[in-house]
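First up is the structure itself, then whatever we jot down about it.
The residues of the chain are indexed from 1 along the displayed sequence. As the structure is a computational prediction, the values presented were derived from the model and not from experiment. For the numbers below, each heavy atom of this structure counts, side chains included, while hydrogens, waters and symmetry mates do not.
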Amino acid sequence: MHIHVLGSAAGGGFPQWNCNCHNCDGFRKGTLQAQSRTQSSIAISEDGEHWILCNASPDIRAQLASFNAMQPARTLRDTGISAVMLFDSQVDHTTGLLMLREGMPLEVWCTTQVHEDLTSGFPLFSMLKHWNGGPRWHEVPATDETAFSIPCAPSLRLIAIPLLSNAPPYSPRRNKPHPGDNIGLFIEDTRNGATALYAPGLGKPDANILAWMARADTLLVDGTVWQDDEMQRCEVGTRTGQQMGHLAQSGPGGMIEVLDGLTATRKILIHINNTNPILDESSEERAILASHGIVVAYDGMHFELSGHE
């Protein structure tokens with residue numbers, strides 16, 4: 001199984017275009033030891049040729065250009081994207097579909113709840129019908145009791161895990177979490193037993209998701225904020241991490257504590273907000289992560305899973 005990180009930042013990317021917080025300002029001035037990052041998305045493949053795009057970032061054009069496998073050039077018009085899977089209906093995970101309009105119809109997989117949001121409050125599916133009929137929707141079962149596969153990667157057994165997180169502002173389920181608003185994905189390569197779990201939006205880890213995390217060799221999980229009130233501390237927002245549907249890394253019950261209780265070979269934080277001090281590679285917070293065996297995803301990170309490691 002191949003996993004490629006196309007984008008590793010939260011909404012707005014890093015540096016965010018209109019932000020002059022300590023991190024964004026320091027990056028622009030060259031005083032912060034950090035890498036720029038686009039908005040979060042990964043691609044998975046069983047053969048390195050046919051790829052499932054996991055979330056469609058607004059930065060998708062630049063992300064595809066940075067990864068040669070996405071343009072195999074086998075025909076006059078071509079792409080390495082064989083399917084798209086949406087984990088929620090947030091702007092920063094779905095707007096990239098508009099950038100892919102010339103390639104419609106694309107096979108798009110998401111839950112019923114996400115499809116409803118993207119045909120009503122944020123009607124991407126309806127808009128894209130004007131390009132060769134738009135996306136071909138395939139329902140993702142919003143229950144971890146049902147495994148499924150996507151035709152371009154038949155050896156990958158997929159399980160969508162409902163997460164306790166928030167729906168976007170334009171959803172009728174905002175502040176009323178419903179199974180299917182936000183999912184994580186457990187991936188098993190049936191050829192060699194390799195397993196991974198991708199959950200960029202993880203607000204409250206309940207017993208169910210923790211059990212799935214315990215089964216994964218590789219974890220790519222929510223790394224949005226270091227402190228729950230980080231946006232307020234940085235004076236760039238009023239909402240907490242929990243209100244946005246994200247679990248902070250620090251403090252009792254934080255992501256560090258959660259990951260300490262797991263035995264995965266790789267523990268990777270993704271979906272990093274521009275305010276998070278872990279973006280600074282020389283920071284104390286980055287050193288704390290390293291001491292716990294946790295790494296921070298970066299754009300272009302790539303690895304292959306060959307079995308239980």
Could you list the donor-acceptor pairs under 3.5 angstrom formed by side chains in residues 296-303, with sequence neighbours left out?
unit_1: Asp299; atom_1: OD1; unit_2: Ser8; atom_2: N; d: 2.9
unit_1: Asp299; atom_1: OD1; unit_2: Ser8; atom_2: OG; d: 2.7
unit_1: Asp299; atom_1: OD2; unit_2: Thr38; atom_2: N; d: 2.8
unit_1: Asp299; atom_1: OD2; unit_2: Thr38; atom_2: OG1; d: 2.7
unit_1: His302; atom_1: ND1; unit_2: His4; atom_2: ND1; d: 2.9

So, [X] side chain and [Y] main chain: donor-acceptor pair closer than 3.5 Å or not?
X      : Y      : value
Asp181 : His178 : yes
Gln63  : Gln39  : yes
Glu46  : Met1   : no
Gln232 : Gly237 : no
Arg266 : Ala264 : no
Arg136 : Glu107 : no

Which side-chain N or O atoms in residues 141-152 pair as donor and acceptor under 3.5 Å with protein atoms at least two apart or in another chain?
unit_1: Thr143; atom_1: OG1; unit_2: Glu145; atom_2: N; d: 3.1
unit_1: Asp144; atom_1: OD2; unit_2: Asn208; atom_2: ND2; d: 2.6
unit_1: Asp144; atom_1: OD2; unit_2: Trp212; atom_2: NE1; d: 2.8

Partner residues of [X] under the salt bridge (charged side-chain N to carboxylate O under 4.0 Å, His left out) criterion, sequence neighbours left out:
X      : result
Asp117 : Arg173
Asp228 : none
Arg239 : none
Lys29  : Asp25

To the nearest 0.5 Å, tell me how far [X] [atom1] sits from [Y] [atom2].
X      : Y     : atom1 : atom2 : answer
Ile42  : Cys54 : CD1   : SG    : 4.5 Å
Asn273 : Phe14 : CG    : CZ    : 10.5 Å
Asn55  : Ser40 : CG    : OG    : 6.0 Å

Quick one: does [X]'s side chain get under 4.5 Å of [Y]'s, heavy atoms only?
X      : Y      : value
Leu220 : Val5   : yes
Leu98  : Leu128 : yes
Met244 : Met231 : yes

[X] to [Y] - nearest heavy-atom pair and separation:
X      : Y      : answer
Ala196 : Leu305 : CB-CD1, 3.9 Å
Pro58  : Thr95  : CG-CB, 4.0 Å
Leu247 : Met255 : CD2-N, 3.8 Å
Trp226 : Ala248 : O-CB, 3.5 Å

Does any pair with a residue in [range] pass salt bridge (charged side-chain N to carboxylate O under 4.0 Å, His left out), and if so which ones, sequence neighbours excluded?
range            : answer
residues 87-100  : none
residues 286-296 : none
residues 54-78   : Glu49-Arg74, Arg74-Asp78

With sequence neighbours excluded, what pairs up with [X] under the side-chain contact (heavy atoms from CB on, under 4.5 Å) test?
X      : answer
Ser120 : none
Pro15  : Cys24, Phe27, Arg28, Ser36
His292 : Ile256, Asp260, Ile288, Ile294

Aromatic plane relationship, Trp109 with His138 - under 30° parallel, 30 to 60° tilted, over 60° perpendicular: parallel
Centroid separation Phe87 to His93 less than 6.0 Å: no
Side chain to side chain contact (heavy atoms under 4.5 Å, CB included), paired with Leu100, selected from Thr79, Leu64, Val108: Leu64
